[in-house]
Amino acid sequence: MKKWKLHELVPPWVDGEKHVDRLYTGLLLSTILSCMGFAFSIGLHWKRVQDYIPTADTTYVLFEHDFLGTLLFPLVGVSIFFGFVYVAIAAIILAISYYRGFSQESQSLYLMRRLPDRWELARRCLALPLMTIGICALAILVLTLIFFGIYWAITPEGLKDFGQLKTAISYFYLLFVPATFVYGLV
Amino acid sequence: MLTLTNITKSYPGKKNAVENVSLSIPRGEIVGLFGENGAGKTTLMKCILGLHRYQGTITLDGQPLDRKNIEKLSFATSEHTFFPALTAKDHREFYADHFPAFRGKRFDALMEFFELPTNKKIGSFSTGQKNQFEVILALCQGADYILMDEPFAGNDVFNREDFYKVLLGILEPEETILLSTHLLEEVSAFIGRAILLHKGKVVADRSMLDLEEEGKDLMTFVKEAYRYKADRVLKALDKLTGEE
């Protein structure tokens, strides 16, 4: 299998390293933002569970202290992964701008479309954006698992419920809309 | 042999841009493709290159045109197909990477002949230089069939003349040129065949040798084919001056 070089995965006029640096910076900032948001969230959760006394109304208690809730940034009411969403949106915009670049000032699109390698144009427009989106998805998954581990470790036995991870995954898409809607819908 | 059979290209809500065009272009010919603006010259070329969807069949040496043989066609257009932000040197590398038959020696020789800078972005070239570079790329890709669509639009007459001479000097017997232009008189000396399009249809297709035997020049042939009314200008002027 051919090993691609970075300059073969972006339009010929693009400085691939510069774009990769920018996307990595976005990913790093998103990770930091997520960790900060989770630290804040889990701090509140920690405070609440200190006063936890098992009661008959477990549903209410679980709802108050569920894992899904910790994945929301309490201050701004959005998912702590929102940075990754911005990076993914930026990646989509990047793909569009790459494609449009082949029709600006000249019609190099004609050249790209008649190259012997039929995937050349698609690869140069989509490779970097798709890799970025993939890394965003992977980062969200890994961070979710890490955060759940932390959540699990500090949650009292009576509130522990693996179903919460399942719920969080089922309602994952809701993490990308403002928190006020999330509680309304769940 | 490039063979077009019943090529029709239509745009939604419009008349056919190209209608039932059938042509055979053997290797080694220089063919002029003529027609008024909107006659379908560019559309036909883009159909051949696979840039437009069309009805009918196009084959190259009996095989349908696809990714396996598309590199045997190259294209120079006044719209330009180079990357403006890259230098000539970058283009040389790009073409050498993607077209196995790329003619590096020819590229260097033509760049030198036209005194084009190799380390300057093509976007900063003058229009004439851009056209020259566009044609250089098409001639150096290593294609057997070189399609040129108004390649000299914006070039001065000396520039064009230089190019015709170079073109005739460097072409190998297997290389074929399909040249679309309005500059009938300029190209009449070196084309071997003239195809005339009118409203998307082939209205005439003659070899220059036949025309010579008939004692006709290209311009006369074109005028006849289009039923050009030589007196229409005089009539119009008469009407206009009569009104005053």
Side-chain angles (χ1 to χ4, degrees), chain A residues 1-26 89-132, chain B residues 42 45-53 60 65-102 121-125 127 130-131 133-134 137-138 140-143 145-149:
Chain A
M1 196 179 154
K2 188 180 172 181
K3 211 174 174 185
W4 299 105
K5 288 173 189 159
L6 180 59
H7 72 88
E8 294 170 315
L9 300 174
V10 290
W13 62 89
V14 167
D15 181 346
E17 281 176 20
K18 210 182 251 180
H19 283 206
V20 166
D21 282 349
R22 282 179 196 161
L23 290 169
Y24 279 173
T25 306
I89 292 169
I92 294 167
I93 293 168
L94 192 66
I96 296 167
S97 78
Y98 281 171
Y99 183 77
R100 291 188 64 185
F102 285 104
S103 303
Q104 279 165 0
E105 287 183 63
S106 79
Q107 290 295 332
S108 51
L109 190 64
Y110 296 160
L111 170 64
M112 298 305 289
R113 286 179 58 194
R114 59 181 189 81
L115 290 176
D117 181 357
R118 71 163 67 237
W119 302 111
E120 186 77 27
L121 177 63
R123 186 172 54 246
R124 286 183 184 263
C125 291
L126 296 174
L128 190 57
L130 284 181
M131 270 193 278
T132 306
Chain B
T42 303
M45 284 198 174
K46 287 182 180 173
C47 288
I48 297 171
L49 290 157
L51 299 173
H52 281 329
R53 288 179 182 212
L60 185 63
L65 266 169
D66 56 21
R67 296 285 168 173
K68 285 177 203 152
N69 54 6
I70 191 75
E71 68 188 274
K72 289 184 179 172
L73 302 182
S74 69
F75 186 42
T77 162
S78 52
E79 290 179 278
H80 300 144
T81 58
F82 50 67
F83 304 109
L86 296 194
T87 64
K89 204 177 150 197
D90 297 331
H91 279 84
R92 194 189 193 285
E93 280 171 30
F94 185 88
Y95 268 68
D97 281 349
H98 292 88
F99 298 106
F102 178 70
K121 287 181 179 176
I122 311 301
S124 67
F125 282 12
T127 306
K130 283 179 185 171
N131 289 342
F133 188 68
E134 176 77 7
L137 287 175
C140 298
Q141 185 193 299
Y145 288 81
I146 301 159
L147 279 64
M148 296 187 183
D149 185 22

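First the proteins, then the strands, lettered A, B, ... as listed; each starts at 1.
- If you measure heavy-atom distances from A/Q104 to chain B, the contacts under 4.5 Å come from the backbone alone.
- The distance from the CZ atom of B/F99 to the CG atom of A/L111 is 5.5 Å, given to the nearest 0.5 Å.
- Within the 3.5 Å criterion, the main-chain N or O of B/P84 finds no donor-acceptor partner in the side chain of A/S106.
- Proximity to chain A is absent for every atom of B/E134, based on heavy atoms less than 4.5 angstrom apart.
- Using the six-membered ring where Trp is involved, A/Y110 and B/F75 have ring planes that are tilted, between 30° and 60° apart.
- Scanning all heavy atoms of the two residues, the minimum distance from B/L86 to A/W13 falls at CD2-CA, 3.7 Å.
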Yes or no on side-chain contact (heavy atoms from CB on, under 4.5 Å) for B/T81 and A/F102, after CA distance, side-chain angles and deciding distance?
CA-CA 9 Å; B/T81 58; A/F102 285 104; over 6 Å; no
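- Panel note: side chain A/R113, backbone B/L51; a donor-acceptor pair is recorded below 3.5 Å.
- With hydrogens and angles disregarded, no donor-acceptor distance shorter than 3.5 Å links the side chain of A/R114 to the backbone of B/S74.
- Contact of B/L73 with chain A is made through the backbone alone, with heavy-atom distances under 4.5 Å.
- Applying the 6.0 Å contact sphere to CZ of A/R100 captures no more than 12 heavy atoms from other residues, nucleotides or ligands.
- Listed here is the closest heavy atom pair of A/S108 and B/F82: CB-O, 3.4 Å.
- The nearest pair of heavy atoms linking B/R67 to A/D117 is NH1-O, 4.1 Å.
- B/K46 touches chain A through its side chain: at least one heavy atom from C-beta onward sits under 4.5 Å away, while N, CA, C and O do not.
- With no hydrogens or angles considered, no side-chain donor-acceptor pair links B/H80 and A/Q107 at under 3.5 Å.
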